[in-house]
Amino acid sequence: MNSKTDGTTPTVRTRLELLQQVKAWKQAGDTVGFVPTMGALHSGHLSLVEKAREKATRIVASIFVNPTQFAPGEDFDTYPRDESADLAKLASVGCDLAYLPTVDEMYPEGTLTNVRVESMSDVLDGIYRPHFFYGVTTVVARLFLHVQPDVAVFGEKDYQQLQIIRRMVRDLAFPIDILGAPTARDADGLAQSSRNLYLTPDERRNAGALQAALHRAAMRLSVGVRPSIALQEATQLLSRSGFGNVDYVSLVDKDTLQDLPDEPLRDGMVARLLGAAWMGRTRLIDNISVTR
Ligand code: PAF
């Protein structure tokens, strides 16, 4: 382990070093919490570490920009990377260890073996990024096997990802508790995301409208407005607020992510409203719980 004395989190880069450290912790009676990330950390990520801290005595965060979840032409090469800033941020919230594997460490013999959660990966974002969730579940399964945590924390901002990982963990019986953490937001409601760095100042000023549109639609649905009407209003609001293409605004079953019938929500029903839209060249996603 590369222990740091400069206020950053200690790092390991190989699975073997990681296993030795995790084994030593478990032998000493510690529990291990895990926060997987692709780096470019913001306060949303740090809140995941803090949540993990509530549930485990030792925390590992991984930083790995996973090539298998990017399609050709997406931003794999330009995805923001700043290792030393990330390590300082992790130290500030008491993360015990950062795992920084190389692509060879994660995929030593390539990618013949993949993990696919069918159907849930093919809706919503899966329609626009068909490779994406298969890359996510493949790397998260590998990371779980490397880290062997007791608990892992994922942000609700990536709600579809969170539900897919919950399903993968159930189906493959990983002995890991999956926790969702609330979305960290800027003052205007914009969900924090590493890709917000791509927004120009003008785009950033308008970007909060995504959360506002979903919030308004959730209010309308909660008083019995038909989904097709509330969703159309939200799409129109996004277009008026400077968003270009709206990939989707959808109301789905909160667990299975499948579409709901175009009927007013029944009393007490809880559903999930998700949206994805383009602000300039940046694709933003967000979601909100909806209750009648
Ligand atoms: O949410 C992310 O940052 C990534 O999809 C994850 C879970 C770290 C897998 O690469």
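Remember, it's 1-based here, ligands and their atoms both numbered in the order they're listed. Numbers for residues simply follow the sequence, beginning at 1. Please read all numbers here as calculations on a predicted model, not as lab measurements.
- In this structure, I176 and A152 approach most closely via the heavy-atom pair CG2-N, 3.8 Å.
- The single protein non-hydrogen atom nearest to atom 3 (O) of ligand 1 is M38 CG, 3.7 Å, given as residue, atom name and distance.
- Under 4.0 Å from ligand 1, the heavy atoms of T37 that appear belong solely to its backbone.
- In the hydrophobic clustering, L273 connects to L190, L199, L210, L214, L221, L231, L238, F243, V246, V249, L251, L260, L265, M269, M279, L284, I288, V290, either directly or through intervening members, whenever side-chain heavy atoms lie under 4.5 Å apart.
- A salt bridge links D75 and R195; the closest N-O separation between the charged side-chain nitrogens and carboxylate oxygens is under 4.0 Å.
- Note on R216 versus E233: salt bridge recorded, some NZ/NE/NH1/NH2 to OD/OE distance being below 4.0 Å.
- Atom 2 (C) of ligand 1 has as its closest protein heavy atom Q161 NE2, 3.9 Å.
- Residue M219 shares its hydrophobic cluster (ILVMFWY side chains chained together at separations under 4.5 Å) with no other residue.
- Not a single N or O atom of N66, backbone or side chain, sits closer than 3.5 Å to an N or O atom of ligand 1.
- Atom 9 (C) of ligand 1 has its closest protein heavy atom at Q69 OE1, 3.4 Å.
- Remark: the backbone N or O of K157 is paired with a side-chain donor or acceptor of T183 at under 3.5 angstrom.
- Distances below 4.0 Å separate heavy atoms of V139 from the following atoms of ligand 1: 9 (C), 10 (O).
- Close approach to V136 involves these atoms of ligand 1, each under 4.0 Å from a residue heavy atom: 5 (O).
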